[in-house]
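This report refers to the structure that appears directly beneath it.
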Amino acid sequence: MANFDHKEIEAKWSKIWDDTNLYKTPEKIASKGKKYVLGMWPYPSGAGLHVGHVEVFAATDIYSRYLRMNGYSVIHPMGWDSFGLPAENYAIKTGIHPSIQTQKSIVVFKNQMERIGLAYDWERELNASDPEYYKWTQWIFIQLFKKGLAYKAKAPVNWCPSCETVLANEQVVDEKCERCDSVVTQRLMEQWFFKITDYAQRLLDGLNIIDWPASTKAMQRNWIGRKEGHKIKFDDIEVFTTRIDTLHGASFIAIANDSQEGFVGKYVTNPATGKKIPVWRADYVLDTYGTGAVMGVPAHDERDLAFAKKYNLEIIQMQPDPTMEKYGQKKVQYRLRDWLISRQRYWGTPIPMVNCEICGWQPVPEDQLPVKLPTDVDFRPTGESPITRSKTFQKGVICPKCGKSAKREVDTMDTFVDSSWYFLRFCDPTNLNAIFSKDKVKAWTPVDLYIGGDHATTHLIFARFINMFLYDIKLVSVPEPFVKFYKNGHVLGEDNRKMSKRWGNIVNPLEIVDKFGADSLRLYEMFMGPLDMAKVWNTSGVEGVYRFLNRLYRKFETTFNLDGDIGSLNKITNQLIGRVTRDIENMTFNTGIAAMMETFNKMSDATGNWRLAWRQFTLVLAPFAPYLAEEMWQKLGHTDSVHSQRWPEYDPAMVIDEKITMVVQINGKVREKFELDSGEAGEDKIKQLALESAKVQNYLKGASYRTIFVPCKLINFIVNTK
RNA sequence: GUCGGGAUGCUGAAAUGGUAUACAGUUCAGUCUCAAAAACUGAUGGGCCGAAACGCCCGUGCGGGUUCGAGUCCCGCUCCCGACACCA
């Protein structure tokens with residue numbers, strides 16, 4: 001028998017869903033309430049959608065469809081994190097402007113997303129590199145500046161001498177440039193920072209009220225790195241320590257070193273002992289943490305000991321003494337550092353600041369936003385920001401304060417700024433007068449379910465920070481933007497390695513769609529295992545779910561019209577509804593799909609009203625396999641979409657099996673099984689049956705015993721051996 | 001080193017403290033076919049006893065413990081993955 005024609009039904013239903021605007025976000029929120037479901041917006045790369053994207057997007061798609069069927073008003077939007085280095089590098093190589101390449105990639109991505117049946121409201125589509133979007137990214141920068149939370153200061157940055165450009169930390173791998181393998185050096189440059197350190201404690205506290213994976217929370221806690229300790233003065237040198245109880249063992253002071261290790265040539269007083277101790281420069285002391293100086297206690301710290309041994313410094317043996325606390329002052333120290341957002345790159349949001357020789361840095365007046373990215377720019381790297389070379393960018397720029405001629409900032413912002421607030425703009429994506437309407441954001445936020453990669457110490461902390469800032473200036477109504485976050489595990493290539501051109505192990509999701517259909521692709525990726533675990537791709541697994549869908553549809557075609565009395569079918573589909581409901585709620589889609597397969601396997605032996613059974617099955621299948629479910633729904637005689645139906649109710653009374661297998665254990669080992677009517681499976685009955693069994697008798701043999709009875713499960717005879 | 005997560009058949013994996021290996025894949029055998037593919041049926045942790053059936057033993061990384069009963073809880077390890085890392 002022929003397989004169902006996935007290409008035909010996908011084309012047919014895609015068009016109808018599009019024409020009827022089926023996935024439009026409702027204007028008014030239903031009495032049941034709202035749900036905001038979001039997958040991290042992707043960078044639209046030239047390579048098109050990756051199977052890893054599909055995993056995230058299929059998961060939010062299933063969940064949002066389920067919530068919609070449960071009567072919630074659901075917002076499930078999508079957009080493009082389109083600024084960034086890959087497009088710029090491509091431009092350097094080919095001369096094609098990044099906006100052209102980006103636009104092309106977006107078209108490809110969007111097409112591919114539609115082909116895998118993702119239920120997005122495209123009327124809310126956003127694009128980070130669109131001036132209508134980055135205008136408001138700039139606006140946020142100015143609000144931060146006005147509150148003293150954006151400032152410019154000298155800072156060391158990563159510099160690739162061969163590419164002649166600044167690199168982000170993520171682009172430095174083992175101290176080498178990710179692209180050309182040159183050793184990266186540090187340069188001191190004037191940079192813009194966001195003062196995220198002001199929010200350190202609140203970012204830490206907020207973790208207690210959100211439902212995130214333990215690992216992501218732990219990473220953020222470590223990153224913030226709160227430590228309670230003491231500041232201690234050794235004359236004019238102040239140190240930070242968490243072990244003030246070892247103060248009397250401090251035999252030297254080590255300060256951060258900007259040239260070479262060695263004795264500074266001066267002594268300071270240990271306040272606890274009154275002794276003079278030497279001050280040394282040491283490699284292991286960081287300028288950026290604490291006070292940039294530590295007290296050296298060789299007897300209690302390995303690094304201090306190593307240093308003391310190396311330079312033959314005194315090692316004082318002692319026991320910790322809590323009374324030392326009186327020599328210091330309590331101090332909370334964080335590891336978190338301010339967020340460096342300047343980039344000497346072209347393809348990003350221009351920093352909306354003007355430098356005046358008299359008035360200093362001034363924000364561009366808000367009515368002059370956006371500061372548009374100039375198009376007359378040679379992207380080739382020369383060591384300065386490419387925008388410097390624009391002939392138009394600085395034309396007629398005046399200081400907003402004094403009106404004299406001034407210069408614009410030529411750096412752009414880190415793309416993580418763009419993605420720190422996009423989830424808010426989705427609530428009111430086309431607003432021309434404001435960043436968004438407060439009411440609309442209040443209505444839809446927080447995000448109820450957020451799924452994506454584990455950017456614990458980048459995107460996920462930056463977005464919390466920006467949201468918290470917007471909360472402080474009363475634009476946003478909740479301090480935490482993402483109530484529940486799920487991270488997806490990586491999908492590895494068939495050879496167990498990260499998918500990469502280098503290994504030639506990349507699976508193109510669209511090839512899978514062509515061959516097996518969008519439903520099979522979705523189902524397979526969800527069936528592979530738990531969402532957050534790393535998975536290895538296996539194409540024969542796709543064939544497995546494909547076979548399942550074909551078997552299902554063939555059976556459907558020959559039975560969907562059969563009416564009949566309520567038979568065993570009704571019970572199995574009721575059980576299915578119960579299981580799949582629970583599995584979607586728990587985000588364990590793999591077991592939900594297994595439940596559908598199991599149910600289908602059972603259906604071949606069952607009897608009853610097939611039409612009713614298929615109706616239930618189709619509704620349960622709909623979030624997972626939207627195309628096939630829609631086709632089945634139509635065959636069942638409906639004229640409206642399966643995706644606007646209510647999620648089926650199940651009758652708990654129907655779910656109880658009338659036959660129960662009771663197990664008889666002897667000392668915890670299974671020795672006998674009985675099938676019983678559920679009404680009869682009481683303790684007395686099962687005990688009587690067990691005692692009648694020759695096998696059980698053999699084990700009991702007149703020995704004394706007691707029993708443990710677990711209703712509907714088992715009876716355990718504990719025999720007194722000896 | 002610190003923090004987090006894991007370890008179950010040949011593989012992906014399932015299992016509110018209660019019948020371990022559901023659901024798939026793989027492989028093998030069979031049906032159909034001139035043949036192959038597809039589809040369908042069956043088998044697929046190790047061992048023992050057997051002609052077969054029935055049955056028995058061992059099995060969830062290792063060693064202990066709690067419990068009538070442990071993949072699951074507790075203590076101590078080993079290994080793997082991820083993040084951070086001279087953070088005082």
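Throughout, a chain's letter reflects where its sequence line sits, starting with A, and its residues are numbered from 1. Note: hydrogens, waters and symmetry copies are ignored here, and every other heavy atom, side chains too, is used.
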Problem set entry | Whether A:Phe240 and A:Tyr289 hold their rings parallel, tilted or perpendicular, with breakpoints at 30° and 60° | perpendicular
Exercise. For B:G82, does either OP1 or OP2 sit under 4.0 Å from a side-chain N or O belonging to A:Lys498?
Worked result: no
Exercise. Roughly, in whole Å, what's the span from CG in A:Leu305 to P in B:C86?
Worked result: 20 Å
Problem set entry | Length of the line joining A:Leu531:CG and B:G12:P, which is rounded to integer Å | 18 Å
Problem set entry | Donor + acceptor pair across side chains of A:Tyr311, A:Glu261 (<3.5 Å) | yes
Exercise. Can you tell me the Watson-Crick or wobble partner of B:G76, both distances under 3.5 angstrom?
Worked result: B:C62
Exercise. Should the pair A:Tyr450 and A:Phe485 be assigned to parallel (<30°), tilted (30 to 60°) or perpendicular (>60°) ring geometry?
Worked result: tilted
For this session: Look at the aromatic rings of A:His459 and A:His455 and report parallel, tilted or perpendicular, splitting at 30° and 60°.
Result: perpendicular
Exercise. Mind checking who B:C84 pairs with, Watson-Crick or G-U wobble, both distances under 3.5 Å?
Worked result: B:G1
Seminar exercise, completed: Of the candidates B:U19, B:C23, B:C3, the side chain of A:Ala218 sits closest to B:C3
Problem set entry | Below 4.0 Å: OP1/OP2 of B:U2 and any side-chain N or O of A:Asn222 | no
Problem set entry | B:G71: pairing nucleotide in any strand, Watson-Crick or G-U under 3.5 angstrom | none
Seminar exercise, completed: B:U8 -> Watson-Crick or G-U wobble partner, both distances under 3.5 Å, gives none
Exercise. What is the distance from OH of A:Tyr546 to C1' of B:A37, rounded to the nearest Å?
Worked result: 13 Å
Exercise. What does A:Val285 touch in the nucleic acid at a heavy-atom separation under 4.0 angstrom: a base, only the sugar-phosphate, or nothing?
Worked result: base
Problem set entry | Nearest-Å distance for atom pair CZ/C1', residues A:Arg706 and B:G69 | 11 Å
Problem set entry | Short side-chain N/O contact to B:G25 OP1/OP2 from A:Arg547, under 4.0 Å | yes
Problem set entry | Touch class at under 4.0 angstrom, heavy-atom based, for A:Lys535 against every strand present | nothing
Exercise. Mind checking whether A:Phe560 and A:Phe556 have parallel, tilted or perpendicular rings, split at 30° and 60°?
Worked result: parallel
Problem set entry | For B:A20, the Watson-Crick or wobble counterpart (both distances under 3.5 Å) | none
Seminar exercise, completed: By the Watson-Crick or G-U definition, both distances under 3.5 Å, B:C40 is matched with B:G30
Exercise. Taking atom P of B:G69 as reference, at what distance in whole Å does atom CD1 of A:Ile708 sit?
Worked result: 9 Å
Exercise. Would you say B:U67 has OP1 or OP2 under 4.0 Å from some side-chain N or O of A:Asn716?
Worked result: no
Exercise. How close or far is atom P of B:A39 from atom CZ of A:Arg554, stated in whole angstroms?
Worked result: 7 Å
Exercise. Start at the 5' end of RNA chain B and walk down; is the nucleotide closest to A:Thr242 or to A:Ser215 reached first?
Worked result: A:Ser215
Exercise. How are the rings of A:Trp339 and A:Phe465 set relative to one another: parallel (under 30°), tilted (30 to 60°) or perpendicular (over 60°)?
Worked result: perpendicular
Seminar exercise, completed: Relative to its sugar, using the 90° cut-off around 0, the base of B:G6 is anti
For this session: Map A:Gly290 and A:Gly668 onto RNA chain B by nearest heavy atom, then report which one ends up closer to the 5' terminus.
Result: A:Gly668
For this session: Determine the contact category for A:Asp532: base if any of its heavy atoms lies under 4.0 Å from a base atom, sugar-phosphate if only primed atoms, P, OP1 or OP2 are that close, otherwise nothing.
Result: nothing
